[in-house]
Amino acid sequence: MVATIVGQALAAARPGDRVLVVDSGSTDDTARRAREAGAEVIGGPLGKGAAMRLAVSAVDSEWTCFLDADLATSERNVPALLREAAAGGTADHVVGDYEYDHPGTILASTFTIYEPLTARFFPEVGHLGANALTGYRAVRTRLLRAAPLPADFGVEAFLNISIALAGGRAEVCHLGVIGSRYRFHGGSMATQIGTRILDMAEAHGRLAPADRPDWDQWLHAGVAALAPNAADQGRSALLSRLFTTVRRPMPPTGTPTTTHLTSHSGI
Ligand SMILES: O=c1ccn([C@@H]2O[C@H](COP(=O)(O)OP(=O)(O)O)[C@@H](O)[C@H]2O)c(=O)[nH]1
Ligand SMILES: O=C(O)[C@@H](COP(=O)(O)O)O[C@H]1O[C@H](CO)[C@@H](O)[C@H](O)[C@H]1O
């Protein structure tokens, strides 16, 4: 499967570009297939963000384009569309939105975990399309070096938030219909996304540490609601369950502590 996206990247590449595949602890034939397709392959640790971090340390181009390995079909060349948007506009971060080839696909953790938490704690991120956690995006490389990327699936939430906080301008680029493997990660992906946002909210003084257990509980309950449920009969039942989840009240939030600010104020 990796050969498809490598072929697209090679077709989109310009002189000086590198097409890198980080083989992050895969146990299948990914490395060989990627090499045979024409990519440079570097061995890396398990974890999506860890793989992306390694790639960032290996490039020196102005832009870095991230592409998921499991693209099976697409109407147009995905990296070429991302490059075009990056080169032709004023954005620092191009977020690739796309249609799934299965029209019933519901991005459950995106809309029950990522969207509500980001809207609550980081409203400056704004709306980044229907698939804000997309694995297809281009970022100005200097913005990727400001802080190490988290090792897990919280990496896209981290990018959306940290680039917005740094004043980077995001733009959504439409990639058409993409066919890829879709799997439920047993809640671990949703937990990683939510935990990353809550960690960042605490680190940026937007969530008081004393309130964190209530938010962890809110996250935990949301993740539990995402698991496939035998009682769901079709898409409507699943959606209805997710809507109930989205509407559950968020914990009240106290004022984050600001003692470090007053102690430096000199007043
Ligand atoms: O340890 C990992 C896990 C994932 N990935 C990359 O992250 C993408 C998305 O992961 P996955 O397909 O498991 O998630 P999904 O897109 O189904 O939510 C994969 O295609 C890989 O390119 C990776 O590099 N290392
Ligand atoms: O499978 C998908 O399309 C989503 C997750 O969908 P959900 O909202 O968890 O159902 O995965 C995206 O988000 C991950 C975490 O940010 C990224 O790493 C994937 O590349 C991206 O496809």
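First listed ligand is number 1; within each ligand, the first listed atom is number 1.
Of all the heavy atoms of M189, the ones lying under 4.0 Å from any atom of ligand 2 belong exclusively to the side chain. Residue contacts with ligand 2, taken as heavy atom pairs separated by less than 4.0 Å, involve L133 via backbone and side-chain atoms alike. Under 4.0 Å from ligand 1, the heavy atoms of M189 that appear belong solely to its side chain.
Protein heavy atom at the shortest distance from atom 22 (O) of ligand 1 is A69 N, 2.9 Å. The protein atom (non-hydrogen) at minimum distance from atom 13 (O) of ligand 1 is R183 NH2, 2.6 Å.
Between the CG atom in L117 and the CH2 atom in W215 there is a gap of 6.0 Å [rounded to 0.5 Å].
For ligand 2, the atoms sitting less than 4.0 Å from at least one non-hydrogen atom of T110 are 8 (O), numbered in the order shown with element in parentheses.
Under the 3.5 Å distance criterion, with hydrogens and angles disregarded, a donor-acceptor pair is assigned to the side chains of T90 and R169.
At a 3.5 angstrom cut-off on N or O pairs, T134 does not count as close to ligand 2.
Every heavy atom of A190 sits 4.0 Å or more from the atoms of ligand 2. Within the 4.0 Å heavy-atom shell around ligand 1 one finds G47. For the ligand labelled ligand 2, residue F111 lies outside the 4.0 Å heavy-atom shell.
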